Amino acid sequence: MASGQLTAPTFSARLVPSFEGLKPSTVKFASVGTFKAGSLTQRSFRGLVVRAATVVAPKYTSLKPLGDRVLVKIKTAEEKTQGGILLPTTAQTKPQGGEVVAVGEGRTIGKSHIDISVKTGSQVVYSKYAGTELEFNGSNHLILKEDDILGILETDDVKDLKPLNERVLIKVAEAEVKTAGGLLLTEASKEKPSIGTVIAVGPGPLDEEGNRKPPSVFQGNTVMYSKYAGNEFKGSDGSDYIVLRASDVMAVLS
């Protein structure tokens, strides 16, 4: 059976139909060893995904989310630092907030119909990698599930966040600056804390019948939480905050 050596100089991106729309000069392949003649098909490249915002054609003038989905107009990224220095595009922080412009009809749990808990016009904060980005009416939007919304934030300071459902807002404890022997720690060597104080609590999760269960932690509790859980934010006072699910809280300390 025929076989051959596949190397970068002998392979052109024009041969791969799944990359339609990409300029050939932007696709590079390293040497990948031998292959059987005729075995290189579109199926071989299904694991390679190019993500980009979906563009909604101008002929569509409205977009109605379905079920428990919400359409959010993404807040514009900050182009300057607080000191007024212009930031290059690569250094601008990706926004995690925006304005709700449309909501679905809600969902059914058990025999209960549950309405969307945010209203049109609300300013919300959402999980970092949630939803699907799209360009609609000349602006960037995100369509996501209600459960991906962390809370409502009507100010520019995360400490004022009102968590939704089972989400909890925690002010992270400051990291230790010295070892037990009194040696000063550098920023790089300071251990990331997993302890903090509960600042705000959502109304609680829903059970299988759609009834609201009471939260398991309360404002003012000092808690220990999973190390890699939640979404981290920096407050206007320089303090670190984290928003996570109550189920990610492991213990209450006293």
Side-chain angles (χ1 to χ4, degrees), residues 49-54 63 65-78 91-104 106-107 109 114-136 139-172 192-194 196-206 212-213 215-217 223-236 239-250:
V49 179
V50 179
R51 295 194 61 182
T54 301
L63 194 158
L66 298 179
D68 60 344
R69 289 180 173 83
V70 178
L71 180 65
V72 175
K73 184 177 181 181
I74 300 174
K75 183 180 179 181
T76 305
E78 294 292 338
Q92 293 174 14
T93 302
K94 181 181 178 181
Q96 275 185 255
E99 178 184 351
V100 175
V101 295
V103 299
R107 55 182 171 145
I109 301 179
I114 309 299
D115 291 325
I116 301 292
S117 58
V118 294
K119 307 298 182 184
T120 301
S122 298
Q123 300 293 323
V124 296
V125 177
Y126 46 81
S127 298
K128 192 170 186 178
Y129 300 107
T132 299
E133 291 188 20
L134 54 96
E135 185 178 318
F136 180 62
S139 300
N140 292 326
H141 291 72
L142 190 73
I143 188 165
L144 70 167
K145 287 183 173 290
E146 179 197 13
D147 189 56
D148 290 323
I149 297 177
L150 305 178
I152 298 173
L153 183 61
E154 301 293 350
T155 71
D156 291 329
D157 197 344
V158 69
K159 70 178 178 61
D160 298 322
L161 181 78
K162 298 176 182 177
L164 295 180
N165 299 314
E166 64 166 332
R167 291 307 202 296
V168 179
L169 173 64
I170 295 173
K171 184 177 182 180
V172 180
K192 179 183 176 182
S194 298
T197 302
V198 176
I199 302 298
V201 180
L206 297 171
R212 189 74 66 180
K213 296 193 295 185
S216 56
V217 296
V223 296
M224 177 184 295
Y225 51 86
S226 299
K227 192 168 186 178
Y228 300 105
N231 289 256
E232 299 175 342
F233 299 92
K234 182 73 72 174
S236 60
S239 299
D240 292 321
Y241 293 84
I242 189 169
V243 182
L244 40 72
R245 297 182 186 274
S247 56
D248 289 321
V249 175
M250 299 186 293

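Remember, it's a predicted structure, so these values are computed and weren't measured experimentally.
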Derivation of the side chain to side chain contact (heavy atoms under 4.5 Å, CB included) call for Leu144 and Val72: CA-CA 8 Å; Leu144 70 167; Val72 175; 3.7 Å; yes
OG1-CG distance between Thr132 and Leu142, expressed to the nearest 0.5 angstrom: 7.0 Å
Any side-chain heavy-atom pair of Asp240 and Lys234 under 4.5 Å: yes
Option among Val158, Ile242, Ile199 that satisfies the side chain to side chain contact (heavy atoms under 4.5 Å, CB included) test with Lys171: Ile199
Exercise: identify the closest heavy-atom pair between Lys159 and Tyr241: CB-OH, 3.6 Å
Nearest-0.5 Å distance that lies between atom CD in Glu154 and atom NZ in Lys162: 6.5 Å
Pair Val125-Val243, side chain to side chain contact (heavy atoms under 4.5 Å, CB included): steps then yes or no: CA-CA 10 Å; Val125 177; Val243 182; over 6 Å; no
Beyond-backbone contact of Thr155 with Leu153, side-chain heavy atoms, under 4.5 angstrom: yes
Distance, nearest 0.5 Å, that separates CD1 of Ile74 from CD of Glu133: 4.5 Å
Glu166/Arg245 ion pair, N-O < 4.0 Å: yes
Spatial distance of atom CG (Asp148) from atom OH (Tyr126) [nearest 0.5 Å]: 11.0 Å
Side-chain heavy-atom pair Leu244, Ile170 within 4.5 angstrom cut-off: yes
Residue pair Phe136 / Ile143, side-chain heavy-atom distance below 4.5 Å: no
Evaluation steps, side chain to side chain contact (heavy atoms under 4.5 Å, CB included), between Val198 and Val249: CA-CA 10 Å; Val198 176; Val249 175; over 6 Å; no
Among Ile116, Leu71, Val101, side chain to side chain contact (heavy atoms under 4.5 Å, CB included) partner for Pro65: Leu71
Closest non-hydrogen atom pair between Phe233 and Gln96, with its separation: CZ-NE2, 3.8 Å
Lys119 NZ to Ile152 CD1 distance, which is reported to the nearest 0.5 Å: 9.5 Å
Shortest non-hydrogen contact from Arg212 toward Gly204: NH1-O, 2.6 Å
Inter-residue atom distance Asp68.CG - Lys145.NZ, 0.5 Å rounding: 4.0 Å
Non-hydrogen atoms of Ser127 and Asn231 that approach each other most closely: CA-OD1, 3.6 Å
Taking every non-hydrogen atom, the tightest pair across Pro163 and Arg167: CB-O, 3.3 Å
Worked check of side chain to side chain contact (heavy atoms under 4.5 Å, CB included) between Arg107 and Leu206: CA-CA 12 Å; Arg107 55 182 171 145; Leu206 297 171; 3.7 Å; yes
